[in-house]
S.K.: 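What follows is a structure written as structure tokens; I'll ask about it next.
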Amino acid sequence: MKSRSLFSGALLFLFTCMIFSVPAFGQANSGKAVIHLGGSYSKALVDDAGAGFFGADVFAGKMITNSLCVGFTAGYDMVHYETTDFIDPLTNEPESFNERLAMVPFLVKAKYYLTLSPMLQVYGAAAGGVYRSIPSLGGNEVGTIKTACNSPGGSISIGLDYWFLLTTGVGFEVEYHMFKVPDGDMFSYVQARVDYSLIKF
């Protein structure tokens, strides 16, 4: 009976050690590469902005320490989508036009991770680079953007990663982007993103 109790205690101790060793194998930490593939919803926070729309983003980075990750992110963010109705002056028939404004960010991004449990990490991030505006606005403007342009800017965000299969997980991130439109005002948009996350050794 005593040996059975000792054996059970040893198994429990071994199991506890395994649980607390998970961060070494199942989380983003020093020397590993982290990849996030995300689907997002973005909305412009400027005058004349309509509804937001869905987009896609990717992040690839390298863990410099157990907490700091530096990498590159790019995406296609539809920040304005609106349908306008009008009368065609040639045919006198009702027509509709879908206004769209997309942003393509190319950013260098740094994330600082905080580990909450063997499977859960939260992070804060900051990024900087270039935003490419791709408008299809039918002559209108949204936040002083009428034509395609390249603008320097940056973003800040908070997010979390949940690693449920050691090197595979899901994440959620909220990000605020801003940049200066050439010969115009500051442009900003907010983005909510769900990520499929991978760790590469």
S.K.: Is any side-chain heavy atom of Phe54 less than 4.5 Å from a side-chain heavy atom of Met78?
M.R.: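 No, every pair of side-chain atoms sits at 4.5 Å or beyond.
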S.K.: Distance check, rounded to the nearest 0.5 Å: Ser157 atom OG versus Phe59 atom CZ?
M.R.: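 Going from the OG atom of Ser157 to the CZ atom of Phe59 covers 9.5 Å.
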S.K.: To the nearest 0.5 Å, how far apart are CE in Met103 and CZ in Phe179?
M.R.: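 Spacing of CE (Met103) from CZ (Phe179) equals 3.5 Å.
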S.K.: Side-chain contact test, heavy atoms from C-beta onward, threshold under 4.5 Å: evaluate it for Gln121 versus Lys111 and give yes or no.
M.R.: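 Side-chain contact under 4.5 Å: no.
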S.K.: Give a yes or no on whether Val46 and Val79 share a hydrophobic cluster (residues Ile, Leu, Val, Met, Phe, Trp, Tyr; joining criterion: side-chain heavy atoms under 4.5 Å apart).
M.R.: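 Yes, Val46 connects to Val79 through the hydrophobic network.
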S.K.: Is His80 close to Leu137 at the side-chain level, that is, under 4.5 Å between some pair of heavy atoms?
M.R.: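 They are in side-chain contact.
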S.K.: Would you name the heavy atoms of Tyr41 and Ala51 that are closest together and state the gap between them?
M.R.: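 Tyr41 and Ala51 have their closest heavy atoms at OH-C, 4.4 Å.
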S.K.: Which value, rounded to the nearest 0.5 Å, describes the distance between Phe172 atom CZ and Arg193 atom CZ?
M.R.: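 So the gap between those two atoms works out to 9.5 Å.
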S.K.: Should Leu101 and Phe187 count as side-chain neighbours, where that means a heavy-atom distance under 4.5 Å?
M.R.: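 A side-chain contact exists here, since the closest heavy-atom pair is under 4.5 Å.
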S.K.: Are any non-hydrogen side-chain atoms of Asp57 and Asp77 less than 4.5 angstrom apart?
M.R.: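 Yes, their side chains come closer than 4.5 Å.
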S.K.: Taking the six-membered ring for Trp, are Tyr123 and His36 parallel (under 30°), tilted (30 to 60°) or perpendicular (over 60°)?
M.R.: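 Aromatic pair Tyr123/His36 classed tilted.
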S.K.: Between His177 and Ser155 (side chain of the first, backbone of the second, donor and acceptor by atom type, cut-off under 3.5 Å), is there such a pair?
M.R.: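 Here the side-chain-to-backbone pair does not exist.
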S.K.: Nearest heavy-atom pair of Gly129 and Leu107: which atoms, and what distance?
M.R.: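 Taking every non-hydrogen atom into account, N-CD2, 3.5 Å.
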S.K.: Taking Thr73 for its side chain and Val58 for its backbone only, find out whether a donor-acceptor pair lies under 3.5 Å.
M.R.: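 Flag set: sc Thr73 to bb Val58 pair under 3.5 Å.
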S.K.: Show the nearest heavy-atom pair for residues Ile145 and Ser133, with the distance to one decimal.
M.R.: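 Closest pair (atom of Ile145, atom of Ser133, distance): CD1-OG, 3.7 Å.
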S.K.: How many angstroms lie between OH in Tyr81 and NZ in Lys43, if you round to the nearest 0.5 Å?
M.R.: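 Reported to 0.5 Å precision, the distance equals 15.0 Å.
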S.K.: For the NZ atom on Lys180, are there more than 12 heavy atoms of other groups (residues, nucleotides or ligands in this structure) within a distance under 6.0 Å?
M.R.: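 Yes, enclosed.
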S.K.: Within the side chain of Ser40, is there an N or O that forms a donor-acceptor pair under 3.5 Å with the backbone of Ser42?
M.R.: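 No, because the side chain of Ser40 does not come within donor-acceptor range (under 3.5 Å) of the backbone of Ser42.
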S.K.: How long is the gap from CD1 on Ile35 to OG1 on Thr167, to the nearest 0.5 Å?
M.R.: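 Here the rounded value is 10.5 Å.
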S.K.: Nearest heavy-atom pair of Cys149 and Pro182: which atoms, and what distance?
M.R.: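 Closest pair (atom of Cys149, atom of Pro182, distance): SG-CD, 3.9 Å.
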S.K.: Hey, could you give me the NZ/CZ distance between Lys109 and Phe72, rounded to the nearest 0.5 Å?
M.R.: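 Result: 11.5 Å between the selected atoms.
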S.K.: Under the 3.5 angstrom rule, does the side chain of Tyr131 hit a backbone N or O of Gly154 as a donor-acceptor pair?
M.R.: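 A pair under 3.5 Å: yes.
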S.K.: Atom CD1 of residue position Ile156 - does it have more than 12 heavy atoms of other residues, nucleotides or ligands inside 6.0 Å?
M.R.: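 Counting other residues, nucleotides and ligands, CD1 of Ile156 stays at 12 neighbours or fewer.
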